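In what follows, a structure is listed as structure tokens, so that the remarks can point back to it.
All values reported here derive from a predicted model rather than from experimental measurement. Just so we're on the same page: letters track the sequence lines, and every chain starts at 1.
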2 protein chains.
Amino acid sequence: MPPKPKTEFERQQLRTLIMDAARELFVSRGVEAVTMREIAKRIGYSATSIYLHFADKEALIRAICDTDFLALADALKNNLAITDPVERMLAFGRGYAQFALNYPNHYRMMFMTEHPPCDPAHSCIQQNNAEQDAYFQLKTVINEVFLAGKFKSDLKDPDLIAQTVWAGMHGVCALQISMANDIWVNWAGIEQRLQMMQLTLMRGLMRD
Amino acid sequence: MPPKPKTEFERQQLRTLIMDAARELFVSRGVEAVTMREIAKRIGYSATSIYLHFADKEALIRAICDTDFLALADALKNNLAITDPVERMLAFGRGYAQFALNYPNHYRMMFMTEHPPCDPAHSCIQQNNAEQDAYFQLKTVINEVFLAGKFKSDLKDPDLIAQTVWAGMHGVCALQISMANDIWVNWAGIEQRLQMMQLTLMRGLMRD
DNA sequence: ACGTTAATTTAACAACGTTAAGTTATTTTG
DNA sequence: CAAAATAACTTAACGTTGTTAAATTAACGT
């Protein structure tokens with residue numbers, strides 16, 4: 001069990017071992033409910049060992065988030081191949097929602113809890129890289145629809161359109177994640193709500 | 001320091017004293033960051049005393065949420081007086097967003113964190129009472145626009161419309177609360193984003 | 001006057017994130 | 001080749017947290 005000087009590669013390897021174990025636990029039970037000791041036990045190390053690789057729990061979460069943003073961008077990448085700009089936009093939205101609902105604890109971690117902002121300086125993600133930056137993908141997808149002249153003529157800021165589309169899809173996903181079990185509300189099916197949101201956004205944004 | 005047998009009214013009074021202190025702290029720093037001991041000190045009691053009135057921290061949060069839903073319904077009530085159904089709907093949406101952005105920690109507590117569902121059985125709020133149930137208000141407001149025949153003719157489920165409108169506004173507010181400080185995104189002004197969402201929902205839902 | 005009871009507090013527990021101090025084995029150096 | 005330095009790791013421990021059990025205090029009913 002004891003110590004050998006490790007190569008940089010081995011350190012990286014342990015780092016991602018920790019992150020993978022932590023992610024698995026976070027995803028299944030949420031960030032708050034998972035303890036550092038538990039993560040450590042999972043990989044046969046002591047809790048304190050984690051602190052040799054991450055400053056604190058927050059930093060660990062942040063690091064995981066970071067790679068998850070990569071995963072999101074990767075999951076959405078496929079849709080970019082679709083040729084028709086409008087079809088592409090729709091598929092992109094569906095993909096986004098699918099990610100959110102397939103990995104609700106990820107999604108909560110990434111978009112629904114406030115952690116110190118994702119500083120591009122300390123992130124491994126290259127901002128404005130289409131392979132890595134999902135928000136850049138969204139902007140691009142929207143902008144291409146914009147350039148094709150498909151949006152209503154009085155809409156002149158593609159970034160504002162992108163943020164509106166994002167907010168619409170996020171709203172459906174976030175309410176689903178936080179409030180789906182609330183019996184107060186007689187929820188329509190999530191699939192129906194997603195489709196309705198996409199339909200509404202389309203009609204509200206696109207030229208007749 | 002000393003105990004007297006208390007009347008039911010005095011018990012209620014202490015209960016709300018606890019809730020008010022807790023709310024104030026929760027609102028200014030968020031639920032997680034506030035400790036039971038701190039709440040107790042604020043009102044000159046011992047931490048354990050809180051447990052004579054609330055089963056645990058979660059129950060305290062839930063109780064506060066409950067009265068905050070009342071506050072939301074109360075804040076939105078004014079808008080119901082507006083006569084034109086469409087104007088009323090727009091004002092209602094603005095009011096909702098105002099509440100969310102004025103009391104972000106409340107809003108987070110109410111709509112962005114998963115707590116065991118708001119069981120109508122254990123809530124002091126009367127479901128489907130227009131004075132108390134904000135979601136019922138929303139349904140009513142939407143339904144009146146629906147009955148006035150203002151929505152697109154293929155939209156036949158007012159509840160689904162209500163949930164879509166809610167999701168849209170919630171999306172803008174929730175992203176603002178969680179991600180406004182994220183420098184990754186070049187956010188448009190929140191006022192602009194809200195207006196854009198309302199415009200888009202209007203255009204997407206209403207008959208031409 | 002006295003025991004019962006309710007309101008409250010103090011002490012204590014187990015668990016958490018985290019830090020300090022130790023342990024062990026390898027590498028470097030004299 | 002022995003000794004010192006170093007890296008990887010663990011055990012112990014600290015301060016806080018939510019919460020529970022036990023002790024304290026004061027009013028009430030008889």
Between D/dA8 and A/S49, is there an OP1 or OP2 to side-chain N/O distance shorter than 4.0 Å?
no
Mind telling me whether A/F69 and A/F111 have parallel, tilted or perpendicular rings, with 30° and 60° as the class edges?
perpendicular
Short of 4.0 Å, heavy atom to strand atom, which residues of residues 17-39 of chain A count as contacting DNA chain C?
A/V34, A/T35, A/M36, A/R37
Protein-nucleotide distance (A/H53, atom NE2; D/dA8, atom P), rounded to Å:
8 Å
Checking the side chain of B/T67 only, and the main-chain atoms of B/I64 only, is there a donor and an acceptor separated by less than 3.5 Å?
yes
Minimum-distance nucleotide (side-chain atoms of B/S46 versus D/dT19, C/dT10, D/dT10)
C/dT10
Residues two or more places apart in sequence or in another chain: which of them pass side-chain hydrogen bond (donor to acceptor under 3.5 Å, both in side chains) with B/S123?
B/D66
The nucleotide from C/dT18, D/dG18, C/dA11 with an atom nearest the side chain of A/K57 is C/dT18
Separation of C/dT19 P from A/Y51 OH (nearest whole Å)
7 Å
Can you confirm whether or not the ring centre of A/Y107 sits under 6.0 Å from the ring centre of A/Y96?
yes
Distance check needed: D/dT10 C1' versus A/Y45 OH, whole Å only.
12 Å
Here the distance between atom C1' of D/dT16 and atom NZ of B/K41, to the nearest Å, is 13 Å
Partner nucleotide, any strand, of C/dC16 [Watson-Crick/G-U, under 3.5 Å]:
D/dG15
Between A/R42 (side chain only) and A/A22 (backbone N and O only), is there a donor and an acceptor less than 3.5 Å apart?
no
When all nucleic acid strands are considered with a 4.0 Å heavy-atom cut-off, which category describes A/L60: base, sugar-phosphate, or nothing?
nothing
Check whether any side-chain heavy atom of A/Q198 sits under 4.5 Å from a side-chain heavy atom of A/R94, and report yes or no.
yes
CD1 of B/I50 versus P of D/dT20: gap in Å, rounded?
13 Å
Between C1' of D/dA8 and CD of A/E10, the distance in whole Å
11 Å
Between D/dT19, C/dT10, D/dT11, which nucleotide has the shortest distance from any of its atoms to the side chain of B/T48?
C/dT10
Distance check needed: C/dT8 P versus B/L14 CG, whole Å only.
6 Å
Min side-chain heavy-atom separation B/M206-B/V86 under 4.5 Å
yes
Could you check how far CG of A/L52 sits from P of C/dT19, rounded to whole Å?
12 Å
